[in-house]
J.: 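So that we are looking at the same thing, I have put the structure below in structure tokens.
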Amino acid sequence: MPEGHTLHRLARLHQRRFARRPVSVTSPQGRFTASAALVDGQVLQRAEAHGKHLFHRYGRDATVHVHLGLIGTFSEGDGEPPAPVGQVRMRMVGEDHWTDLRGPTLCQLLTDVEVAAIRTRLGPDPLRRDADPAKALTRINRSGQPVAALLMDQSVVAGIGNVYRAELLFRHHVPPLLPGRAVDAELWSAMWTDLVTLMRHGVRVGRIDTVRGEHLPRAMGRMPRQDRHGGEVYVYRRAGLPCHVCGTEVLTQVLAGRNLFWCPTCQSG
DNA sequence: GATCTATGTAGAT
DNA sequence: TCTACCTAGATCG
């Protein structure tokens, strides 16, 4: 679930459902109880996302910071919340809605300085208006690391995860192991523009779809069926299957602890 | 019902 | 580089 689009979608939902009104904040599981008590009953001023980080600002030096990690998840509903089931780290209850947070990597109450520290170490986020893609290119060009590794580095670009990485490289015919310094401005401009479009679509529909008109798989004669993550993709988790565009077997390799997927023909550079 | 795997990161080693 | 986190959907039997 959680690449940048998921967090922006949650921020938008929480802003709409909880902001500008008092919110009950508790920790049925107990691991967030002391911090929850400090904002419980206060007005949520603003919910926003930067990359994969979610911030609930209640006031000066009182921001709840959530990072879902790999397995964190929010569930939500209308009206009265049900009895907590399982390990609910944080429960928020507003006038008409409730939401439960389970399994996050981080759920902590931060001061303004601590929030700023997190945000300054993040790279530009394609889903934010304040993003400067040139900052990302500078970092990419300074490095001999594979572009596939750089795209996953949240201090280079904030919000890209394993699915968007694989799909972006495929869509731009980029070999994953291409060194960062070989990415030119024209290529990066095209990749960034595409990322903005793809991720905005992700926020809108709540899943990652990267198969668009210009890449229709004519050779296959049909659109790819939905993949396990719920959207339509070219190469992510398709190792051993034929490429939707050229039919070559999709390859996989572990790079820096994450599974990488690519088509050696379409992405031969 | 049991088992496997994962869209991620932090912290230990 | 390894492990913990400890959810949920897919797959196995």
J.: Is there a side-chain contact between A/R258 and the phosphate of B/dG8, meaning an N or O under 4.0 Å from OP1 or OP2?
T.: yes
J.: Provide the distance between the two P atoms, one in C/dC6 and one in B/dA12, to the nearest whole Å.
T.: 16 Å
J.: Enter the distance from A/L169:CG to A/L178:CG here, rounded to the nearest 0.5 Å.
T.: 9.0 Å
J.: Between A/T111 and A/E114, is any side-chain donor less than 3.5 angstrom from a side-chain acceptor?
T.: yes
J.: In whole angstrom, what separates A/R237's CZ from B/dT7's P?
T.: 7 Å
J.: Give a yes/no answer on whether the side chain of A/Y236 brings an N or O atom under 4.0 Å of OP1 or OP2 in B/dT7.
T.: yes
J.: Would you say A/H56 and A/T63 make side-chain contact, with heavy atoms under 4.5 Å?
T.: no
J.: Distances under 3.5 Å between protein N/O atoms and the N/O atoms of nucleotides 1-4 of chain C, please, pair by pair.
T.:
none

J.: Could you tell me the separation between the CG atom of A/L151 and the P atom of B/dG8, rounded to a whole number of Å?
T.: 12 Å
J.: In the structure I gave you, are the side-chain heavy atoms of A/P133 and A/W188 within less than 4.5 Å of one another anywhere?
T.: yes
J.: Within the 4.5 Å heavy-atom criterion, are A/E249 and A/L241 side-chain neighbours or not?
T.: no
J.: Begin with the C-alpha distance, continue with both residues' side-chain angles, and end with the deciding distance and a verdict on side-chain hydrogen bond (donor to acceptor under 3.5 Å, both in side chains) for A/H244 and A/R238.
T.: CA-CA 10 Å; A/H244 285 312; A/R238 295 197 64 254; 3.3 Å; yes
J.: Taking atom C1' of C/dT7 as reference, at what distance in whole Å does atom CG of A/L70 sit?
T.: 9 Å
J.: Does A/N259 place a side-chain N or O at less than 4.0 Å from the phosphate oxygens OP1/OP2 of B/dA6?
T.: yes
J.: Using whole Å, what does the distance between atom P of nucleotide B/dT7 and atom CZ of A/R207 come to?
T.: 19 Å
J.: What integer distance in Å separates A/L260:CG from B/dG8:P?
T.: 13 Å
J.: Does the pair A/R89/A/D100 count as a salt bridge with the N-to-O cut at 4.0 Å?
T.: no
J.: When both hydrogen-bonding distances must be under 3.5 Å and the geometry is Watson-Crick or G-U wobble, what is B/dG11 paired with, if anything?
T.: C/dC2
J.: List in numerical order all residues of residues 101-122 of chain A for which some heavy atom is under 4.0 Å away from an atom belonging to DNA chain B.
T.: A/T105, A/R121
J.: Does a side-chain N-to-carboxylate-O contact under 4.0 Å join A/E48 and A/R119?
T.: yes
J.: To the nearest Å, how far apart are A/Q29 CD and C/dC5 P?
T.: 12 Å
J.: With a 3.5 angstrom cut-off on both distances, give the Watson-Crick or G-U wobble partner of B/dA6, or none if there isn't one.
T.: C/dT7
J.: Decide whether A/V39 and A/F74 are clustered together by the hydrophobic rule: side chain heavy atoms of Ile, Leu, Val, Met, Phe, Trp, Tyr closer than 4.5 Å, transitively.
T.: yes
J.: Of the candidate nucleotides B/dT7, C/dC6, B/dT9, which contains the atom at the shortest distance from the side chain of A/Q154?
T.: B/dT9
J.: Is A/K52 near enough to B/dT7 that one of its side-chain N or O atoms lies under 4.0 angstrom from OP1 or OP2?
T.: no
J.: Given atom CE of A/M199 and atom P of B/dT7, what is their separation to the nearest angstrom?
T.: 15 Å
J.: Quick one: A/F74 CZ to B/dG8 P, roughly how many Å, whole number?
T.: 17 Å
J.: Do A/R17 and A/D96 meet the salt-bridge criterion of a basic N to acidic O distance under 4.0 Å?
T.: no
